[in-house]
2 protein chains.
Amino acid sequence: MLSYNPKTTEELENWVFSEVRFDPLALGKCEAIMSLGNGYMGLRSATEEPYIGEKRNLFVNGTFNKFDEFEVSELPNAADLTKLDIRIDGRRLSLEVGTVTVYERRLNLRDAELVRCFVWEHSGKKIGFVFRRFVSLDHLHQIGFRVEIRLLAGGANLSISSGIDGQVTNSGSQHFHEGEKRIYDKTYLELIQTTTESKIDFVLGAVHELKVNGHKAEIAPKMDIDRRRVGVTYTLDLAEGDTLVFEKLATVYTSRDKEFPEGTTLETIRQTALKTLKEMRLAGYDELFRRHRAAWSAVWERYNFSIKSASSFDLLALRFAIYHLVAMTPAHDHRMGIGAKGLSGEGYKGHSFWDTEIFILPFYIYSNPAIARSLLEYRYLGLEGARAKARDNGYAGAMYPWEAAWPSDGEVTPVWGAVDVVTGEQTKIWSGFIEQHITSDIAYAVWHYYQATGDRDFMNRCGFEMIFDTATFWASRLEWDEAEQRYEINDVVGPDEYKEHIDNNAFTNYMAHFNIELAKQYYYALQEEDMELFQRLNAKLNLEQAISEWETKGGLIYLPQPNREGIIPQDDTYLLKKQIDLTPYKRQARVGSIFDDYNLDQVGEMQISKQADVLMLFFLLEDRFRPDVKKANYDYYEEKTLHDSSLSMSTHCILANDLGDRTLAYELFRRAAEIDLGPYMHSSDAGIHSASLGGVWECVVMGFAGVRMLGGELHLNPRLPQQWEELSFPLYWQGRRLEIVLDHSNLHIRTEEPGEMELLVHGQRIRFNQELQYRYQTY
Amino acid sequence: MLSYNPKTTEELENWVFSEVRFDPLALGKCEAIMSLGNGYMGLRSATEEPYIGEKRNLFVNGTFNKFDEFEVSELPNAADLTKLDIRIDGRRLSLEVGTVTVYERRLNLRDAELVRCFVWEHSGKKIGFVFRRFVSLDHLHQIGFRVEIRLLAGGANLSISSGIDGQVTNSGSQHFHEGEKRIYDKTYLELIQTTTESKIDFVLGAVHELKVNGHKAEIAPKMDIDRRRVGVTYTLDLAEGDTLVFEKLATVYTSRDKEFPEGTTLETIRQTALKTLKEMRLAGYDELFRRHRAAWSAVWERYNFSIKSASSFDLLALRFAIYHLVAMTPAHDHRMGIGAKGLSGEGYKGHSFWDTEIFILPFYIYSNPAIARSLLEYRYLGLEGARAKARDNGYAGAMYPWEAAWPSDGEVTPVWGAVDVVTGEQTKIWSGFIEQHITSDIAYAVWHYYQATGDRDFMNRCGFEMIFDTATFWASRLEWDEAEQRYEINDVVGPDEYKEHIDNNAFTNYMAHFNIELAKQYYYALQEEDMELFQRLNAKLNLEQAISEWETKGGLIYLPQPNREGIIPQDDTYLLKKQIDLTPYKRQARVGSIFDDYNLDQVGEMQISKQADVLMLFFLLEDRFRPDVKKANYDYYEEKTLHDSSLSMSTHCILANDLGDRTLAYELFRRAAEIDLGPYMHSSDAGIHSASLGGVWECVVMGFAGVRMLGGELHLNPRLPQQWEELSFPLYWQGRRLEIVLDHSNLHIRTEEPGEMELLVHGQRIRFNQELQYRYQTY
């Protein structure tokens, strides 16, 4: 049971949410939504004491490994540092037994600290516990744990077993060789594990400090080295009133870390790790936490969003989204992308999807362009895998993988999914083979980034090459229809994954067309603007041959047009399919309930959409479609969309807001925010929903504030929810940071960078220098 | 808390032991000692509902796999069939919460059925549970589970999730590819997993049947296919007074099974499995169990031991030993050996040690010679690995691995063990390199088997070759000491593993000498008796060259002689080492307590023995040593022996009995029996102690009944414990089955096979035909 904005200091308002009752059947929820991370690594928030059904996960970004030839690369679950076996008079601490009072587990988003406290009564003893932990944003390799145990009634013999446990797996797949285990000076624990295929060394360290009533307790631990595990057990007697503070400080390093250049020896990494561990021991939890908090303060200064709403949940939800985006994003290393579940669970194996470019990247483009660039550079490095995929499939250019891991891995989408209720066999996942729009989504993102930032350096180094080579892929992918005298794209999956093997998915065709047209445009522009670069790229990509393909085919791509009712067919057959009453499934408490009754083949034969498809197209290529067409399609498709993908809600929210359905828009924003933060107990078991979190920001900034980039210009079309009084947010545009504040009729923009700026507000072109106060008609 | 011979029917007296109080901190004990098996597979007895700290293990004999190049082959833990997630009104059944009454978990040794029953009260509901299961001895691929749930007070919504769970590992090492998962007809679950290196296919199946109040309940389950897992959930409402019977019937097949010859397709195995599963479903638990019980009846008719003792524990303990020996022994397949923990836990990885030949084989030689032969044939097949090991180490002949897995694997002893308390590093395990006596132990066992059975066919096919090639190893292993003008064996570990890198371990030297002398004897005998075989073996092993080595070196092997006090030095330096007061360690509740204070290097520098060493030599080569020498050495070494190996107690028991210390002998028998069956809660966590179980039989038959083979003749020197009134047991000798009954002064022997027989009782030569009644002086 969650509580949002529980009673706390005023300073922490809209920064905190809590679990207020322990539920052993819903561990996954808090493990994921309260997970900690610093972009380098993510630590799922399993409780210290173990429970049936828990998942202990520690992921280090970019450390992909492949278990065997039948599996795909995934982020391996590193050895566990979180578990403590705490025994009171020989009995294992467990909240499933005894009496638990004053229970609270809270995540403080401002400080990125997880705190759990309760009083446990058992066998006549009454003991207070406070657990704290953080994953340092100040020092990316550090984790701190602190346990305070106070004997409120009765003395007790206490033992705590702690250590580094490499027996964990990814749901059974073990990615590591056993490796070395060692305890230095009976104090510093070390476990080294190397991934089996990618041969990445992980060096994990831990050290413990105990204080009783404020004084350091010198207790020699019992040491234990077991299979894949190293541990220590501290045992001591405490009297009534005594307080034990148990600190566990841990380090995580890997040979993939950027600071260790190719050829660094394992010994160097070990020494670095041990040095850090020793420094941490000297500093102690409180000092390390102070540094971590300061790093987060700087983050929140940059992302200084504010919402004045009738519901305090709204700002909390936005901060929750940004908190997790920071925790999951490898801002430190452009060789890495963002996983669909961030670093908070095994779901989607740490792979990057179009989620990054379409749902998350806008946040970074407009809030932290340097990170947006880093994420696009990851895709630039991914050209290697994309070209291999194109070759393997008989195409030219760069065909991006539907799921991406390490840049050179290429396609890593698994082939088999959930059970088919009809056949009892596993369902084949076709996305890795035929969900191809990802390639134009990435080209689109490059263009979007460039338009909003003007970062020509990135374009010269990476962007143009990406756009050219993706266009070349599409040109080779197109299929000529002699009868219709047009190019088609057949046998694909579009964004709506409930329709497989369809022909001429509107989204796919339009985006492929956009991709080729963009390449043409840049081809000629580059010849004008930068002949040297043009020639370099021409030598590499054979542009002069490519342009003739683009020119010949681009204009002949079949772009499905609105029918008499104004409906753009999602694909060649969608509109011919059976319609059924979807009411029961639209009211579902968990996604995918339709599959309790139908299998994917059957759903494929009905007008049922998993998520936004044609509507997504309207959002990306906004100025290509008339408002009445948008409205007609919105009305048509919305009722057929189950929102079984977490990517769906924010798009519909933005479209609804554009079309003036503000009640539904606000509702969809709330539903998007509730995917993780809401009361559904199992929606986040496999990890939080990265794209949906980006979508929450999109609802706020691109939806309610109406921020858009159109034709290279910045547009604002503010239309706040009636529940909101004021919204303020930072926005980067062409290298300038704007501080924007708006309510239902006023817009205020301020920037420290001097110089004239131009933007359109509700279509009105406005120029200002450093500060704008603008009043518009209340909607 | 265990109860031996709990109140039950008279018929089941001495057949049953129980856990009478559930202890969540001591799960391993009952999991191991109540484990089920049929020689083909072993199923650890984890409870259906999960608990923290449990170990779910299913091992199929002989299916070894190597996780990676740094680990050794081990028996992989196959997918779990035992776990059920049972929920009452949404709450998970757990005996850690609510009120539990009438609790009993019992293993019925006669029927080899595990039964667990209790009444669980929670939230006003009162529910009775009875769980039953068996691993069929009638059909080696079948397992049956039956759960009876009776709503004693209050109705409830009940759900049971069951399936096949391949997420289990060997303490983190995953030995299987993910494999295929399928549900046929929404009814038959199938999981296929293939080992990663040895490429053995496992085909696991399960089917469920539900009855409410005796009537079949047709409930469509919710199906679930997850990573490495396939499952179903049945949900139903029950009213007060209703009884649900839930049966789960399961099949286990592998491509290593003898019935599937090389080249059998996976499809054939699947069809075989599915056919069995369908037949099981038709038969139902009760009928399948009836067949299983009949198979065990036949076993107990063969092993019809009886002890009339003041303590009913004694017969129960002997039956417990035999039960587990049957459960672990691959009587069906001579390509497999016996694991040091049987099939009841991950300990020792399913490997075979000298435990088989020295501690277990005697039971089979004298109780079931066909199985003894099968076990020796396993070693014959192991010549391949033994020759490879000799070559790798620069020796000739066959050097048996200290730990053996699949016959061709060769040495599989892991290299690293527990933590060193002084350095904090892992201790190196030297046994795989230098614990070499295993080679002569196996030669000894061949000889012992041949002497007792007269099985010349085995000798011709296997035995002679084993004896010759092991002798050749020893001849190449000996080191010439020029100063002493003798052959020595230096840098070894003897049976006492607390002394590493020692020279001239008495046990090793005497046994090597025995091995070479035996080869010489058979060399000349074969030339006389079977020239054709001799020539065949000569062609293969170059015996004519070997004999000159044996002749030259055999007589010059240094055999340590008793010193002035009559003590045979265990090795060159043992007697020079420091002595300390071992009283605290000899009283230890768990083995290895000495390592809390010293590391192995330090223990190595003191007169401390882990287990019998010189005394073991007296037991094996009984007629080579004078009684006064035995007595002197017994007195000297016993007090220095910590019995930290489960192999130690039975040898000391037998020696003590021989030497007339009957009180100590009986005490050591009890201690041997209590290693697994006693009250120590963690001694069996990693699995039961196979050798110790064989040792229990040795105490009874070779100790108290004084059965020995000396010079090819059968000796009986009965000397029953004072607590015993009568002992009866079967004994095979030279193809005859003898039924022996004895008390403190009478011996009665009966056999169905006609013909004169000769044996020695307390040294008196006796001849009889079919029946002997003999009276001797009471001791």
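Just so we're on the same page: letters track the sequence lines, and every chain starts at 1.
- Contact annotation for A:Asp185: neither backbone nor side-chain heavy atoms come within less than 4.5 Å of a heavy atom of chain B.
- With values rounded to the nearest 0.5 angstrom, B:Asp80 atom CG is found 11.0 Å from B:Leu191 atom CG.
- Scanning for side-chain hydrogen bond (donor to acceptor under 3.5 Å, both in side chains) contacts around A:Thr169 gives an empty result, with sequence neighbours left out.
- Proximity to chain B involves both the backbone and the side chain of A:Arg182, based on heavy atoms less than 4.5 angstrom apart.
- Contact annotation for A:Leu25: only side-chain heavy atoms (C-beta onward) come within less than 4.5 Å of a heavy atom of chain B.
- Side-chain contact between B:Glu54 and B:Glu31 is present, with at least one heavy-atom pair separated by less than 4.5 Å.
- Residues satisfying the ring-ring contact (aromatic ring centres under 6.0 Å, His included) test with B:Tyr51, not counting sequence neighbours, are B:Phe22.
- Residues forming a salt bridge (charged side-chain N to carboxylate O under 4.0 Å, His left out) with B:Arg270 (at least two apart in sequence, or on another chain): B:Glu180, B:Glu190.
- Between A:Arg56 and A:Glu48 there is no salt bridge, since none of the side-chain N atoms of the basic residue sits less than 4.0 Å from a carboxylate O of the acidic one.
- Proximity to chain B (any heavy atom under 4.5 Å) is shown, for A:Tyr184, by neither the backbone nor the side chain.
- In the model, B:Lys83 has no side-chain atom that pairs as donor or acceptor with a side-chain atom of B:Ser161 under 3.5 Å.
- With a 4.5 Å cut-off on side-chain heavy atoms, A:Thr233 and A:Pro221 do not count as touching.
- Contact annotation for A:Arg229: neither backbone nor side-chain heavy atoms come within less than 4.5 Å of a heavy atom of chain B.
- Listed options A:Glu178, A:Arg91, A:Lys181 were ranked by heavy-atom pairs under 4.5 angstrom with chain B; first place goes to A:Lys181.
- Heavy-atom pairs under 4.5 Å with chain A peak, among B:His177, B:Glu69, B:Glu346, at B:His177.
- Scanning residues 192-208 of chain B against chain A with a 4.5 Å heavy-atom cutoff picks out B:Thr196, B:Lys199, ordered by number.
- For the set A:Lys186, A:Lys222, A:Arg92, the entry with the most heavy-atom pairs within less than 4.5 Å of chain B is A:Arg92.
- Salt-bridge check for A:Asp85 with A:Arg87: passed, with a basic side-chain N closer than 4.0 Å to an acidic carboxylate O.
- Because its NZ or CZ atom is not both nearer than 6.0 Å to the ring centre of B:Phe70 and within 45° of the ring axis, A:Arg228 does not count as a cation-pi partner of that residue.
- Per-residue counts of heavy-atom pairs under 4.5 Å with chain A were compared for B:Thr427, B:Val168, B:Asp224, B:Asn170; the largest is that of B:Asn170.
- Comparing B:Phe67, B:Trp416, B:Tyr188 by heavy-atom pairs within less than 4.5 Å of chain A, the highest count is held by B:Phe67.
- Of the two parts of A:Glu96, the backbone and the side chain both hold a non-hydrogen atom closer than 4.5 Å to a non-hydrogen atom of chain B.
- With hydrogens and angles ignored, the 3.5 Å screen pairs no side-chain donor or acceptor of A:Asp165 with any backbone N or O of A:Val230.
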